[in-house]
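Here's the structure we're looking at; comments come further down.
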Protein chains: 4
Amino acid sequence: MTTELKNKSPQKEKMLENASTLFWKKGYSATSMRDIAKVCKCKPANIYNFFHNKEEILFECLYTQNKRLLEKIKHFEDDRITKPSEQLREFIIIHLSHVLRYSKTSRLLFDTGLERLSRNNRRKVINDRDAYDRILAGIIQRGIESKDFSEIDAKLVTRNIASMIVRTVIWYSPKGQLSINDIAEFIYNFSLNGLSKERKK
Amino acid sequence: MTTELKNKSPQKEKMLENASTLFWKKGYSATSMRDIAKVCKCKPANIYNFFHNKEEILFECLYTQNKRLLEKIKHFEDDRITKPSEQLREFIIIHLSHVLRYSKTSRLLFDTGLERLSRNNRRKVINDRDAYDRILAGIIQRGIESKDFSEIDAKLVTRNIASMIVRTVIWYSPKGQLSINDIAEFIYNFSLNGLSKERKK
Amino acid sequence: MTTELKNKSPQKEKMLENASTLFWKKGYSATSMRDIAKVCKCKPANIYNFFHNKEEILFECLYTQNKRLLEKIKHFEDDRITKPSEQLREFIIIHLSHVLRYSKTSRLLFDTGLERLSRNNRRKVINDRDAYDRILAGIIQRGIESKDFSEIDAKLVTRNIASMIVRTVIWYSPKGQLSINDIAEFIYNFSLNGLSKERKK
Amino acid sequence: MTTELKNKSPQKEKMLENASTLFWKKGYSATSMRDIAKVCKCKPANIYNFFHNKEEILFECLYTQNKRLLEKIKHFEDDRITKPSEQLREFIIIHLSHVLRYSKTSRLLFDTGLERLSRNNRRKVINDRDAYDRILAGIIQRGIESKDFSEIDAKLVTRNIASMIVRTVIWYSPKGQLSINDIAEFIYNFSLNGLSKERKK
DNA sequence: TATGAATGAGAGTTCATTCAT
DNA sequence: CATGAATGAACTCTCATTCAT
């Protein structure tokens, strides 16, 4: 799987990156093949030597991003040793770093409409999203079972934590006062207390 | 202002609603004037009897939605009597209901790229978003001052709560097991505990 | 049916005519929408106000031509009074005149590949071709029954006579020595002898 | 000349055949170099190792076909011994067999627009067509002179006989009831009567 | 208020072709 | 021989928009 991600030619890789940035900045529909070509310093026709069509570019953007993130978090799936709260902490840091580091390209993962994708490709992307959900929900679930977290709807928590992380890209600025770590720490604490057994009286 | 919202002809109103739905479903760029016309059962040229151009439609969609929401929450701005936690509760219910009730049209408010808007219109939309932020942040701030909430970055909380609310449109289904109230209650509790003074030791 | 053919706007009519000429001269594929537009003295986009796509133009060309010809020959279908040989004579004159008069547009009827047409439209064109075949074959058949013509495969004769008529467009020149009537007369005589009962010993 | 036809590498030969089939099926313009390459199981660029450009492929298709046919009929040119009617009979059989045997590729000879060819190549093809006409017209002419055929316009007969033969490709089906010989015989008889001195009274 | 016709611009895509490898 | 990458031109078609009616 790792290899699969690296098997692309550097040119194709670069094209994907450029397209991803544009998709994020202007949206998929508003980004034209000519736009992408201009950034790639080549002619539109040449892009078709690497991709069959525009949709395929979108798909590969999404797919690559998904796989990169999953690669980083998949070890949580079977981790029954580390304390769940610690796992949650790391998870948030990893995802947030991922989101904000690649900020210009990674929003796609969660927010891009998938309607444009072919049935087949849509399925693949959804599978990855499900994998993400499963991993985070797993952490929460194990925290509940170990009494570290309160009895709470694991799926709902998953969704809300993901919402907080993902939407940081909308307002985060690297030049702002808050570092990525600051924000991660904040979301972690905010979530953790929300999850803590000891509630306010 | 209230009047301003109602002064539109019913036809124009209907067009806005149709356009809004399409913008939500397919995105602004991917929605053509033809698309809008078809849903309105008229010809594209006719739309120009009501709007100067496509951007104006987008703007009026955003503007109307914003105003409608602000209308519902502006009383929190000066409310120094109701308990902050109670205000937060109500706020979440109101916004979430608004978002999910109008679900097909309201996502625009928070997620649409504003790049397409003219300088002037963009400012107006941003003003409304700021007003929203200010109102929610005000509630938080007063909660902190009254020691109901812990010392915490009010702006960050604001953003994260808004993130949770807004992104429900992505996964919420009216046919699902959770009612809008269930979800509101969840987000409220989740946030409140995250805000509680008494943390777990 | 006649009315149906005239119900088109004069502009659309003109476009069809122009397109037809181009299709004949350069072939369907080699004729671009730009080509058609240029001859119509309008911009390509405008053509789409009258036709959904290029294929529809081709179809309407074929369809109109077919109907025009069928209109002229359909009375032979039930004519059991006129002598078959006389019918054949008239038939050849009519079809040949049609072919060579509209020469620049009418070759399409018989020789254009129909692969480009949609299933539905292809069917319609084929129906018309069959109608043509049926009418001519009917004349032959009645000639055989009345002993005017020899016992001969009516279908084969039909095809071969049609071949002679249709392919005149390839070599006929209005400036040449032979008039349309000359050619018609020739084909008639040639066919008539081919059909005559009295063969050479 | 014979050698010239065989001097091609088998690959080039195969390419010509494939291209010919495609040209016939879809037409010259609608056939792309990609199409040809795909059938040849190679990449488009490779074709340029064998041909300078697309037009050259078309030309060589036409040229080869022409030569093959002329090869088979050129002996009629000087044949003053065999009876003209017998020559005509053989001629029809040869050409029809050629046309229907190679059916998928041979229509090109007579019906392809030559506009796409360069001045030079066009001339060559036309020369071959003229040679064909000359040979057939020669047979007719000699038949008239020998009083086997009636006084008739030899050129017109030539064209019409050729029309009948060539257009069989449009409706002939190898699975049909009529064999190639049946059809040849029919056209021969039909023509012969058309040419016969003894007309019906 | 509604629309048919018109248009310049640009969409995604394919074209035939070249060239270095 | 074969091909991946590159390109300028052209493709069909849609875009938002205008305007006379």
Side-chain angles (χ1 to χ4, degrees), chain A residues 9-12 15 28-37 40-58 116, chain B residues 9-12 15 28-37 40-58 116, chain C residues 9-12 15 28-37 40-58 116, chain D residues 9-12 15 28-37 40-58 116:
Chain A
S9 79
Q11 280 190 77
K12 189 170 176 178
M15 278 179 182
Y28 173 73
S29 289
T31 301
S32 74
M33 294 299 280
R34 282 166 174 81
D35 290 335
I36 299 173
C40 295
K41 292 181 209 307
C42 74
K43 306 297 165 183
N46 194 29
I47 301 178
Y48 289 87
N49 284 319
F50 300 87
F51 304 91
H52 291 89
N53 49 43
K54 198 181 163 191
E55 187 237 296
E56 194 178 286
I57 305 182
L58 173 60
R116 247 83 67 164
Chain B
S9 80
Q11 272 192 82
K12 188 169 176 178
M15 277 178 181
Y28 173 73
S29 289
T31 301
S32 73
M33 296 298 277
R34 267 174 183 73
D35 291 335
I36 299 173
C40 296
K41 293 182 209 307
C42 72
K43 306 292 165 183
N46 193 30
I47 301 179
Y48 289 87
N49 286 317
F50 300 88
F51 304 92
H52 290 90
N53 50 43
K54 195 181 163 190
E55 186 238 299
E56 194 179 285
I57 305 181
L58 173 60
R116 249 83 66 164
Chain C
S9 80
Q11 281 190 75
K12 189 169 175 179
M15 277 179 183
Y28 173 72
S29 291
T31 301
S32 74
M33 294 301 277
R34 279 167 175 78
D35 291 336
I36 299 173
C40 296
K41 291 182 210 308
C42 73
K43 307 297 163 181
N46 193 30
I47 301 177
Y48 289 88
N49 284 318
F50 300 87
F51 304 91
H52 291 89
N53 48 46
K54 197 181 161 188
E55 186 237 296
E56 195 178 286
I57 304 181
L58 173 60
R116 249 82 69 161
Chain D
S9 81
Q11 272 193 81
K12 189 168 176 179
M15 278 179 182
Y28 174 73
S29 289
T31 301
S32 72
M33 295 298 277
R34 267 172 184 72
D35 291 336
I36 299 173
C40 296
K41 293 182 208 307
C42 71
K43 307 291 166 182
N46 193 28
I47 300 178
Y48 289 86
N49 287 316
F50 300 87
F51 304 91
H52 291 90
N53 49 44
K54 195 181 163 190
E55 186 237 298
E56 194 178 288
I57 304 180
L58 173 60
R116 248 82 68 164

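Just so it is clear: chains get the letters A, B, ... in the order the sequence lines come, proteins before strands, and each one is counted from 1.
Dashed line: the shortest gap from a side-chain N or O of B:Q11 to OP1 or OP2 of E:dA2 is under 4.0 Å. Distances shown here put every side-chain N or O of D:R34 at or beyond 4.0 Å from the OP1 or OP2 atom of E:dT14. Applying the 4.0 Å criterion to OP1 and OP2 of F:dA10, one finds that C:S32 has every side-chain N and O outside that range. For F:dA6, neither phosphate oxygen OP1 nor OP2 lies less than 4.0 angstrom from any side-chain nitrogen or oxygen of A:K43.
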Checking side-chain contact (heavy atoms from CB on, under 4.5 Å) for the pair B:M15/B:I57: CA distance, chi angles, key distance, verdict?
CA-CA 9 Å; B:M15 277 178 181; B:I57 305 181; over 6 Å; no

In sequence, state the C-alpha distance, the side-chain angles, and the governing distance for B:R116 and B:S29, and then conclude on side-chain contact (heavy atoms from CB on, under 4.5 Å).
CA-CA 9 Å; B:R116 249 83 66 164; B:S29 289; 3.5 Å; yes

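The distance from atom CZ of D:F51 to atom P of F:dC1 is 12 Å, rounded to the nearest whole Å. Atom-to-atom, CD1 of B:I36 to P of F:dT14 comes out at 17 Å; the value is rounded to the nearest Å. Per the geometry, CD1 belonging to D:I57 stands 9 Å off P belonging to E:dA16, to the nearest Å. Look at CG on B:N46: it is 16 Å from P on F:dA16, rounded to the nearest Å. To the nearest angstrom, P of E:dT13 lies 6 Å from CE of A:M33. Look at CZ on C:R116: it is 12 Å from P on F:dT12, rounded to the nearest Å. We find that CZ of A:F50 is positioned 8 Å from C1' of F:dG4, with the value rounded to whole Å. Atom CG of D:N53 is separated from atom C1' of E:dC19 by 17 Å (rounded to the nearest Å).
We find the NZ-OH distance between D:K43 and D:Y48 to be 15.5 Å, quoted to the nearest 0.5 Å. Here B:C40 contributes atom SG and B:M33 contributes atom CE; the two are 9.5 Å apart, rounded to the nearest 0.5 Å.
Taking the nucleotide of DNA chain F with the nearest heavy atom to each of B:P44 and A:I47, the more 5' of the two is matched to A:I47. The residue among C:N49 and A:K54 whose nearest nucleotide of DNA chain E is located toward the 5' end is C:N49. Closest-nucleotide positions on DNA chain E for D:A45 and D:D35 were compared, and the one nearer the 5' end corresponds to D:D35.
Candidate nucleotides F:dC1, E:dA6, F:dT14 were compared by shortest atom distance to the side chain of C:Y48, and F:dT14 ranks first.
Listed for the A:Y28 side chain is a donor-acceptor partner under 3.5 Å among the backbone atoms of A:E55.
Base pairing in DNA chain F gives the following stems of 3 or more Watson-Crick or G-U pairs, range against range and under 3.5 Å: E:2-21 with F:2-21.
Proximity of A:S32 to A:K54: side-chain heavy atoms (C-beta onward) are nowhere separated by under 4.5 Å.
As judged by a 4.0 angstrom heavy-atom cut-off over every strand, D:S29 is placed among residues making no nucleic acid contact.
Partner C:C42 forms a side-chain contact (heavy atoms from CB on, under 4.5 Å) with one of C:I47, C:I36, C:N49 and no other, that one being C:I47.
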